[in-house]
Structures are given as structure tokens and as C-alpha cells.
Amino acid sequence: MDNNFTLDLADEAATLAFGSTLGKAIIPNLTIYLHGDLGAGKTTLVRGLLQGLGFSGKVKSPTYTLVEPYENLTTENGLLNLYHFDLYRFNDEEEWESAGFRDYFNAESVCLIEWPEKAEHILPMPDIDIYFKIKPTGRDVHIDGHSLNAHACVKNIKELYS
């Protein structure tokens, strides 16, 4: 089964809509890496995903806190915890260990990680990589799934887009 695909996202509204679709397709126990330049739409995608899960609060970028937790979110499959990491300013592996971030990666959680290359040797392998490419108008988003959990999620996304 094909575990990857590319979408053309014309604008911010399309990025939010894709995030919402991802929120409907998401399953627990996923690590998702978000790749792309500054302003590519990574945090916008997370905002759409959380809206798709019914979260109505403010979604802020965790650039300075490194992680924003969203716990006890209701999905079709029960509750899940979502952790949004932004490692743009990350530069200390000791901080990762002392903060207990490793514990966030578990069977009840989805971890979304912006700038994963800043900590690639201490992060778990991704189940899904999402790549953003800015174009003159809009952006492309390419999804690569790598695990059995990713397979189920990518299949759900494709069904929602067909």
C-alpha cells in the first residue's frame, strides 16, 4: 500500500482544512515530524488539527517553551494527548532529559515536532514525515508514512480526501 502523497494547499485556509482532516484521521501512538522553512505553515497545520479535534482554545507556537500540551482530547477512538514541540531554539540535550520530554512519547499520545533535525539523534523515529514547500502561490505538503500506525492514519486521510 502506498504510504505517501502530496497535496497542493493554495492558502492558509487550505492548510487549516488539511490540519482538520488530519485531526479526524489521527490515531494515538504517532510521532509526526513537521519539516519546512519559517512561515511554511507548520503551526497553522497544528492549529487546524486541533480544531479538527474540537479544541477551541488558543493555539500558540511553542518556540520558547519547546512544547505545548493538549491533553484529554476526544477522538472517535477515545481520548488522546497531543504534544506540539517546536525545536527551532533547541540546543541542549540535557534540557530534553531534565524536562522529561521522552515520557510524552507513548501509546496514548501524538507528538508533532517542528524542526526535528535540531534533535534528531535523541528523538524517536517518526511514524510520519510531513514536508512543506513554499511555492509562489500557496505550498505543497508531502506526507510520508513509515509505520503500521502511519499506514492506518495515511489511509484515513486519503479516504477523507477522496
Side-chain angles (χ1 to χ4, degrees), residues 3-4 7 12 15-36 40-132 141-161:
N3 250 3
N4 61 63
L7 292 172
E12 181 178 358
T15 304
L16 288 168
F18 172 65
S20 182
T21 299
L22 183 57
K24 292 178 178 90
I26 206 108
I27 59 173
N29 199 20
L30 287 174
T31 298
I32 302 173
Y33 286 6
L34 304 174
H35 306 273
K42 298 179 298 290
T43 299
T44 300
L45 172 82
V46 174
R47 187 177 324 115
L49 189 156
L50 285 162
Q51 290 170 353
L53 289 171
F55 182 79
S56 59
K58 182 175 164 96
V59 177
K60 56 187 177 177
S61 176
T63 301
Y64 293 99
T65 59
L66 296 182
V67 66
E68 284 292 329
Y70 301 92
E71 297 178 325
N72 299 315
L73 299 168
T74 304
T75 70
E76 292 181 15
N77 299 320
L79 296 178
L80 91 91
N81 299 320
L82 187 139
Y83 300 102
H84 176 201
F85 292 87
D86 184 333
L87 303 181
Y88 184 72
R89 299 189 187 284
F90 178 78
N91 55 21
D92 184 1
E93 291 180 24
E94 294 296 322
E95 181 179 12
W96 182 269
E97 293 301 328
S98 65
F101 290 149
R102 189 175 310 280
D103 296 338
Y104 289 31
F105 296 80
N106 60 62
E108 292 80 39
S109 300
V110 171
C111 293
L112 298 156
I113 306 160
E114 296 186 40
W115 303 100
E117 61 276 5
K118 300 272 189 165
E120 62 191 347
H121 53 286
I122 59 173
L123 290 173
M125 296 299 294
D127 295 290
I128 299 173
D129 281 297
I130 300 178
Y131 298 91
F132 291 83
V141 63
H142 181 79
I143 296 92
D144 280 330
H146 309 293
S147 68
L148 289 175
N149 283 344
H151 175 77
C153 185
V154 170
K155 181 178 179 233
N156 290 343
I157 295 167
K158 285 181 177 181
E159 286 173 3
L160 289 166
Y161 265 93

* To do: Working to the nearest 0.5 Å, report the span between CG of Leu112 and CD1 of Ile26.
  => 6.0 Å

* To do: Could you tell me which non-hydrogen atom of Leu123 sits nearest to which non-hydrogen atom of Pro116, and how far apart they are?
  => CD1-O, 3.5 Å

* Nearest atoms (heavy-atom pairs only) where Pro28 meets Ala107 -> CB-O, 3.3 Å

* So, Ser20 side chain and Leu16 main chain: donor-acceptor pair closer than 3.5 Å or not? -> no

* Hey, does Thr44 have a side-chain heavy atom less than 4.5 Å from the side chain of Phe132? -> no

* Asked: Is there a donor-acceptor pair closer than 3.5 Å between any side-chain N or O of Asn149 and the backbone N or O of Asn29?
  -> yes

* 4.5 Å side-chain heavy-atom contact, Tyr33 and Glu120 -> no

* Asked: How about Asn156 and Lys24: do any of their side-chain heavy atoms sit closer than 4.5 Å?
  -> no

Please tabulate, for the side chains in residues 79-86, all donor-acceptor contacts under 3.5 angstrom to protein atoms that are two or more places apart in sequence or on a different chain.
from: Asn81; atom 1: OD1; to: Asn72; atom 2: N; distance (Å): 2.9
from: Tyr83; atom 1: OH; to: Glu71; atom 2: OE2; distance (Å): 2.7
from: His84; atom 1: NE2; to: Glu114; atom 2: OE2; distance (Å): 2.6
from: Asp86; atom 1: OD1; to: Tyr88; atom 2: N; distance (Å): 3.0
from: Asp86; atom 1: OD2; to: Ser61; atom 2: OG; distance (Å): 3.1
from: Asp86; atom 1: OD2; to: Thr63; atom 2: OG1; distance (Å): 3.0

* How far apart are the C-alpha atoms of Glu12 and Arg47, what are their side-chain angles, what is the distance that settles it, and do they pass the side-chain contact (heavy atoms from CB on, under 4.5 Å) test? -> CA-CA 11 Å; Glu12 181 178 358; Arg47 187 177 324 115; 3.4 Å; yes

* **Stepwise side-chain contact (heavy atoms from CB on, under 4.5 Å) test for Phe101 and Leu87** => CA-CA 12 Å; Phe101 290 149; Leu87 303 181; over 6 Å; no

* Asked: Is there a side-chain contact between Phe55 and Tyr70, using heavy atoms and a 4.5 Å cut-off?
  -> yes

* To do: Just jot down the side chain to side chain contact (heavy atoms under 4.5 Å, CB included) partners of His146, sequence neighbours excluded, or say none.
  => Pro126, Asp129, Asp144

* Asked: Could you state the interatomic distance from CG (Leu148) to CG (Asn3), rounded to the nearest 0.5 Å?
  -> 9.0 Å

* Asked: To the nearest 0.5 Å, what is the distance between CG (Leu34) and OH (Tyr131)?
  -> 11.0 Å

* Let me see the working for Leu22 and Cys153 under side-chain contact (heavy atoms from CB on, under 4.5 Å), right down to the final yes or no. => CA-CA 8 Å; Leu22 183 57; Cys153 185; 4.1 Å; yes

* Asked: So do Ser109 and Tyr104 actually touch side chain to side chain, heavy atoms under 4.5 Å?
  -> no

* Asked: Looking at CD1 of Ile157 and CG of Leu7, how far apart are the two atoms once the value is rounded to the nearest 0.5 Å?
  -> 8.5 Å

* To do: Mind checking the CD1-CD1 spacing from Ile130 to Ile32? Nearest 0.5 Å is all I need.
  => 5.5 Å

